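Counting convention: from 1, in listed order, for ligands and their atoms alike. Since the structure is predicted, the reported quantities are computational estimates derived from the model, not experimental observations. Residue indices begin at 1 and follow the sequence shown.
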Amino acid sequence: MATETPTRALFMLFGGTGDLALRKLYPAIFNLYKKGSLSKHFALVGLSRKELTDDEFRAKIIDSIASETDDKAQAEEFASHFYWKSHDVNNLGHYAELRTIADELDKKYELEGNRVFYVSMAPQFFGIVAKNLKDQHVLSENGGFNRLVIEKPFGRDYESAKKLNDELTSAFNENQIYRIDHYLGKETTQAIPVIRFGNPIIESVWNQNFIKNVQVTLAESLGVEDRAGYYDTAGALRDMIQNHALQIVSYLAMDEPNTFVDTEIRKEKVKALESMEIYDAEGVKQNFVRGQYGAGDGSPAYRDEPGVPKDSNNDTYAAGKIVFNNPRWGKTPFYVRSGKKLAAKQGRIDIEFKKPLVDIFAKGTKQPQELQSNVLSLLIDPKVGIVLNINTKNSEQGFHTETVDLDYVQSPERAAEVPLPYERLFHDILNGDGTYFASWPEVAAAWKFVDPIQHLWDATQPDFPNYKPGSMGPKAADDLLARDGNSWYYPNVR
Ligand SMILES: NC(=O)c1ccc[n+]([C@@H]2O[C@H](COP(=O)([O-])OP(=O)(O)OC[C@H]3O[C@@H](n4cnc5c(N)ncnc54)[C@H](OP(=O)(O)O)[C@@H]3O)[C@@H](O)[C@H]2O)c1
């Protein structure tokens, strides 16, 4: 994964002592450093209101990368590139100090003016940081790159997302903005274009003529944990479907790009997302289902979780059907679902192919056999792999059919080599590659699809709670597929 020439860059990390930074971002940067994608020419300034010395900050960094290395000298050398600055994002005077530090570190580490500004803070700060960086001249002006990285969530509806985007683009160009969606850093998501377009036996049948339905499942076994403050204002539709699920859908549904570069891939993703049918109120009722977990197996109902209002109507589960108005997918439904406190943590894509038009082994044989649909499963999480379920003959004489899995599941050895999602994403940011980041037109199309669903849900009283912890969600989500003559492939995998 190392670039041939390590990238030179200064990172400014807003929210430098936050949970995400300590758990995910520093280990990811360390792994890039270990593999040679960063060399001696990098520095990171950690920022938040806390007063820390550089040494105190470096001790936190060494702690945060402890699980990635046993090499104390290497960890200390890495941490020596880290600097702390107490900074309130609303204080304009603090940005002048940032400019001075940035210029000093640029000289000291010969960074050629390259700057990455990572805003790992609550979303209300995204816009103000971008504006102040520009207005207070913290952006590099000597030919290096300026890149802005924004965490999720990107808005809570189309209007707020557009307002945020307008704020960001008044300071940075679209091609300088990297909107993080960590599902796009996962191995399987990144493999979708190769699995599809690199295999004629797959791409030639990747359309409505051969595929009966596509299912994207992003199931979590955990409940809301200690995130009630945020989660109760978001819900499964906003927190998982609008971003992660629809991004995965866009790679599954897009047409082949002219070339596999970010600008061309994004064009195709946008085309796919913009061809999703937008539902009116009746369409929402028919095609989307929400849920909230009750109590069970010794665990509290969502409404009894710490920090959740007793009368909360927040969705901890969302499932729905997406219909594309385009020639490739017209008659093939894409189903998406995500929820908390479900039977298992499971991220996967199941593609069910159509059965043969004539069930030839059911005719003229002594014991009629029913053929099953072929199913291609792309496993995202916790297992990473590809499974193709096909019909074959069992060991009896005659045409007795059975299904078997042709499967590739990543070995622990291979898994240990695979970069962490944030490591891949940092690597791409340093290389200026936006392939696995959501562009604004994609985000806008996703919100335009989700808004009518959320509006109807906000305006109507749900019958919550409606699913048990440890189940796969409300019954209505099974009925949704049954109406089309389909059923969820997982967890009843053959
Ligand atoms: N944590 C996760 O697993 C996770 C997962 C996906 C996405 N995200 C996203 O990542 C972002 C960060 O999440 P997080 O969990 O790391 O949040 P967090 O733990 O609450 O950290 C927030 C950071 O912002 C700083 N901060 C707050 N107000 C500030 C101000 N006025 N000026 C300067 N700094 C200020 C805080 O430090 P001080 O109090 O010292 O100022 C702290 O370092 C959010 O957008 C979140 O949605 C997080």
Would you confirm whether the ring centroid of [Y] sits within less than 6.0 angstrom of the ring centroid of [X]?
| X | Y | answer |
| --- | --- | --- |
| F14 | F125 | no |
| F117 | F11 | no |
| H81 | F42 | yes |

Pick, from [options], the option with the minimum heavy-atom distance to [atom].
| atom | options | result |
| --- | --- | --- |
| atom 29 (C) of ligand 1 | R49, K50, R23 | R49 |
| atom 34 (N) of ligand 1 | K24, M121, K152 | M121 |
| atom 4 (C) of ligand 1 | D19, V89, D181, L20 | L20 |

Against heavy atoms of [X], which atoms of ligand 1 measure under 4.0 Å?
| X | result |
| --- | --- |
| D88 | 30 (C), 31 (N), 32 (N) |
| F126 | 45 (O) |
| G15 | 23 (C), 24 (O), 43 (O) |

Under 3.5 Å side-chain donor-acceptor pair for T316 and Y467: yes

D103 versus T100, side-chain donor and acceptor atoms under 3.5 Å: no

Close N or O approach (A21, ligand 1; < 3.5 Å): no

Nearest protein heavy atom to [atom], by residue and atom, and its distance?
| atom | value |
| --- | --- |
| atom 10 (O) of ligand 1 | E151 CG, 3.3 Å |
| atom 36 (C) of ligand 1 | S48 CB, 4.2 Å |
| atom 33 (C) of ligand 1 | H87 O, 3.1 Å |
| atom 22 (C) of ligand 1 | S120 O, 4.2 Å |

Cation over ring face, K186 and Y436, 6.0 Å, 45°: no

Geometric cation-pi criterion R58 and Y83, 6.0 Å radius, 45° cone: yes

Verify atom 20 (O) of ligand 1: protein non-hydrogen atom under 4.0 angstrom away: no

Check: Y317 main-chain N/O paired with Q292 side-chain donor or acceptor under 3.5 Å: no

